[in-house]
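Just so we're on the same page: letters track the sequence lines, and every chain starts at 1.
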Amino acid sequence: MNTSELIKKLAADTRRTSIPLPAMWWGAVVIAVFFAAGVFFAILGPRPDIAAAAATARFLFKFLFATALAASAFGCAAALSRPGANWHNAALGISAAPTLLAMAVIAELFALSPAAWLAAMIGRNGLVCMTYIPLIGLGPLAIFLWILHRSAPTRPAVAGSVAGLLAGGIGAFAYAAHCNDDSPLFVATWYSLAIAGLVALGAAGASRFARW
Amino acid sequence: MERRDEAELARLMRAAISGDERAYGDFLQKAACLVRHLARRKIVHGGIDPEDIVQETLLAIHLKRHTWRQDAPILPWLYAIARYKLIDSFRRRGRRLEIEIGEIAETFAGPTSETLNDREIGHALTALAPGQRSVVESISVDGRSIGETAKWLGMSEAAVRVAFHRGLTAITGRFGQKQNEYK
């Protein structure tokens, strides 16, 4: 088929396109959050002393970290799904969460005696954390990869990694309500590992399913 | 020029999204020109038909037109899609080339089918006996005929032929060994 024939065929098809991309992303996040909440309440549930914990800075910080991560990754993922959009600034914004975490770790190192550092870092729930953050984040990640598949990421692997961060942020937010290891040292170690798993999965998934 | 293209294309695409087929046709026509220009400039080694890139890009624009935000500039969007399709096509071609080379290597396993660069030839020549070396050099590097070489070196033509043949055999033998070492 020559190009002018192709143009004629395409031009004849001006049906309404699908939902605009920003709406698609917001819809995806709402569904992902409900999905994560469903999985969380079905298999984990909040920790029994959550009311008392909510009065401590360490417990609250976990949500601050997860929210910063998810929010910044959301903006970046949305930009990465649109050809020609400037995603570099949004990518810089993602550094907010690790920066916050680094500051919290430094504060914690001052607050605890060096003898207590290792115990705080290892905690009691390392493996639980490594299991449930990815488990809760898996559904959201699948939803985001589907959005990437429907949109047009020109850097599929990067977009998939950022989708993994977004899913990781949501998974970490939910899991944080269950876990009673609140030290930033624990968060920096185990949450990071768990989220890195989702990032790797997102990159691999997107390079396979988000090509167009 | 660029700015006029930008405004005009954005206007046409907005009209297209609200259902104007004529405007969409015009948009695609203009987009095709821009992409054709880009593809012709980027495809320097041949092997890919620029028109294939144009068509793939037009199709992608059509299928992914919901990813353009109406308040965003349209040229960066359009060129990003074209570049993606171009890179995709280079990658696929690279893969195809690898396959083709793999098949050729299996069919003609002989090292003689390789073309050698000057440095490698020089390297191989130094390993030859002096008599063979001057003969091979004279014929392969300087481009003299067998008769000319015989006259130049004061040898019989038969002797030149034999020395040339032995020299080449020695060189190909060495390259064969080298390749085996690399495996």
Side-chain angles (χ1 to χ4, degrees), chain A residues 1-28 75-91 144-160 163 206-212, chain B residues 6 9-10 12-33 35-36 39 49-88 91-92:
Chain A
M1 180 164 36
N2 68 37
T3 304
S4 42
E5 273 176 61
L6 177 71
I7 290 176
K8 246 178 246 157
K9 287 221 170 86
L10 296 181
D13 175 26
T14 51
R15 280 174 296 138
R16 283 214 51 77
T17 54
S18 62
I19 325 163
L21 204 49
M24 243 155 70
W25 273 108
W26 280 110
C76 191
L80 275 161
S81 68
R82 229 176 28 235
N86 177 9
W87 56 274
H88 294 93
N89 290 343
F144 302 141
L145 288 182
W146 184 77
I147 299 287
L148 288 179
H149 169 76
R150 296 272 300 131
S151 59
T154 52
R155 307 281 302 269
V158 180
S207 2
R208 190 158 305 176
F209 300 119
R211 297 212 167 283
W212 46 285
Chain B
E6 167 67 50
L9 281 170
L12 288 173
M13 189 54 148
R14 267 185 227 111
I17 288 171
S18 51
D20 184 342
E21 287 180 23
R22 276 253 320 265
Y24 195 33
D26 289 349
F27 170 84
L28 291 170
Q29 208 82 52
K30 282 182 197 297
C33 285
V35 176
R36 193 173 293 124
D49 185 353
E51 213 50 32
D52 285 347
I53 304 294
V54 173
Q55 297 197 0
E56 277 174 38
T57 306
L58 290 181
L59 197 60
I61 285 174
H62 182 68
L63 295 174
K64 302 293 185 180
R65 60 196 194 279
H66 63 285
T67 64
W68 178 58
R69 242 180 35 197
Q70 296 203 21
D71 55 345
I74 197 159
L75 280 176
W77 176 78
L78 194 153
Y79 279 125
I81 292 178
R83 230 172 290 123
Y84 180 74
K85 285 295 160 189
L86 201 57
I87 290 169
D88 197 44
R91 192 163 28 212
R92 262 180 296 155

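You'll find the side chain of Val35(B) stays beyond 4.5 Å of the side chain of Leu58(B), heavy atoms only. Side-chain contact between Tyr84(B) and Arg211(A): present, with at least one pair of heavy atoms (C-beta onward) separated by less than 4.5 Å. Between Ser81(A) and Ile147(A) there is no side-chain heavy-atom pair separated by less than 4.5 Å.
Using a 4.5 Å cut-off between heavy atoms, Arg36(B) contacts chain A through its side chain alone, with no backbone atom that close. Neither the backbone nor the side chain of Ala72(B) comes within contact range of chain A, judged by heavy atoms closer than 4.5 Å. For Ile7(A), the parts lying near chain B are the backbone and the side chain together; criterion is any non-hydrogen pair under 4.5 Å. For Ile74(B), no part lies near chain A; criterion is any non-hydrogen pair under 4.5 Å. Neither the backbone nor the side chain of Arg155(A) has a heavy atom closer than 4.5 Å to any heavy atom of chain B. When heavy atoms are compared at a cutoff of 4.5 Å, Pro156(A) approaches chain B solely by way of its side chain, counted from C-beta outward.
Options Asn2(A), Leu10(A), Leu21(A), Asp13(A) differ in how many heavy-atom pairs under 4.5 Å they form with chain B, and the most are formed by Leu10(A). Chain B forms more heavy-atom pairs under 4.5 Å with one residue of Lys9(A), Arg150(A), Lys8(A), Met24(A) than with any other, namely Arg150(A). Heavy-atom pairs under 4.5 Å with chain A were tallied for Gln70(B), Glu51(B), Arg69(B), Lys85(B); the largest tally goes to Arg69(B).
A donor-acceptor pair under 3.5 Å links the side-chain atoms of Arg65(B) to the main chain of His62(B), judged by distance alone. Side chain of His66(B) to main chain of Pro20(A): no donor-acceptor pair is present (N/O by atom type, distance under 3.5 Å, no hydrogens or angles). Counting only distance, with no hydrogens or angles, the side chain of Trp212(A) and the backbone of Pro153(A) share a donor-acceptor pair below 3.5 Å.
With respect to the salt-bridge test (charged N to carboxylate O, under 4.0 angstrom), the residues Arg92(B) and Glu56(B) qualify.
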